[in-house]
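Fair warning: this is a prediction, and the values are worked out from it, not measured in the lab. Keep in mind that the numbers below use all heavy atoms, side chains included, and drop hydrogens, waters and symmetry copies. Note on naming: letters A, B, ... go to the chains in the order of the sequence lines (proteins, then strands), and numbering restarts at 1 for each one.
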Number of protein chains: 2
Amino acid sequence: MAKPNLYKGSIHTILLKLLGDEGRMYGYEITQKVKEISNGDLLITEGALYPALHKLEADGLLQVEVEKVDGRLRKYYKLTEDGAKESVQKLSELEAYLETMQNLLQPKLI
Amino acid sequence: MAKPNLYKGSIHTILLKLLGDEGRMYGYEITQKVKEISNGDLLITEGALYPALHKLEADGLLQVEVEKVDGRLRKYYKLTEDGAKESVQKLSELEAYLETMQNLLQPKLI
DNA sequence: AAACATACCTAAGTTTTTTAGGTATTAATT
DNA sequence: AATTAATACCTAAAAAACTTAGGTATGTTT
């Protein structure tokens, strides 16, 4: 792993969370939003993003609405009901993971 | 991803951190320690652990001492000087990642 | 006119893991 | 006494999840 943009396994969770917060977003918007939130630390590559969105859609967790804005195509994604449930699930897993990591990082108490 | 035991990409960091804290540990001990710290949430599989230890050793970040205890072989690992430096580096990366994730999880402030 | 930003996409390759084995010794259980 | 569980190491094949490196097309800026 030369310069990973994000720890693997978290992209689906990030997408579900963002779409839950924002209501609906399109792919390019997501890349910019994540870059902004992370102050440039987390760069979601398009090669990871689009397959992830397609997978979540195929799994029935996302719903897509295509729109043309300023002559360009946009694919807006939003959570389905199942997506909202899965989001809760994934977020609690991520929180457990983050807590574990914090426990690992904490200076050892002897 | 059926039931991943840990978010990918963090195992090297975990190993460096644990060895920095504990001084020296052997493989099996690490699996038990991580299970304990995470209350059973994080299970480092041996198929991930041993190759990771060997990689870190090959990269000069770990040093190994073989001992026989109660008739069984143990391979104690500890950080080299380079390993200690790399540990600092990896930990700051992990902390930045955790902070970003926390930012993502925080309820949106409008 | 060229470069950059917006907006989508995919395929090949790489990395990192899971799965599923294997060997061997000691401790606990039946 | 024999089987199972725990301790302790290991590896190879497969799967998963990325990065890299392309591709197309439109609008904006230099």
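Comparing A:V69 and B:G71 along DNA chain C, the residue whose closest nucleotide (by nearest heavy atom) sits nearer the 5' end is A:V69.
Residue contacts shown for A:G27 are limited to sugar-phosphate atoms, with no base heavy atom under 4.0 Å away.
If you measure from atom CG of B:D70 to atom C1' of C:dA24, you get 15 Å, rounded to the nearest angstrom.
Regarding contacts with the backbone of C:dC8, every side-chain N or O of A:H54 stays at 4.0 angstrom or more from both OP1 and OP2. At C:dC8, none of the side-chain N or O atoms of A:Y26 fall inside 4.0 Å of OP1 or OP2 (strictly under the cut-off). For B:Y50, no side-chain nitrogen or oxygen approaches OP1 or OP2 of D:dC10 to under 4.0 Å. Considering only side-chain N and O atoms, A:H12 lies nowhere under 4.0 angstrom from the phosphate OP1 or OP2 of D:dA17. For A:R72, no side-chain nitrogen or oxygen approaches OP1 or OP2 of C:dT6 to under 4.0 Å. Phosphate contact (OP1/OP2 of D:dA8, side-chain N/O of B:K68, threshold under 4.0 Å): absent.
When distances are taken from the side chain of A:E46 to each of D:dT19, C:dT6, C:dC9, the shortest belongs to C:dC9.
A salt bridge between B:E22 and B:K33 is present, with a side-chain N of the basic residue lying under 4.0 Å from a carboxylate O of the acidic one.
B:L79 and B:Y76 fall into different hydrophobic clusters, where Ile, Leu, Val, Met, Phe, Trp and Tyr are joined by side-chain heavy atoms under 4.5 Å apart, directly or via other members.
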Original post:
Where do A:T31 and A:L43 land on the side-chain contact (heavy atoms from CB on, under 4.5 Å) test, with the steps shown first?
Top reply: CA-CA 7 Å; A:T31 66; A:L43 302 173; over 6 Å; no
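For residues 45-57 of chain B, the pairs satisfying salt bridge (charged side-chain N to carboxylate O under 4.0 Å, His left out) are B:K55-B:D59, with sequence neighbours left out.
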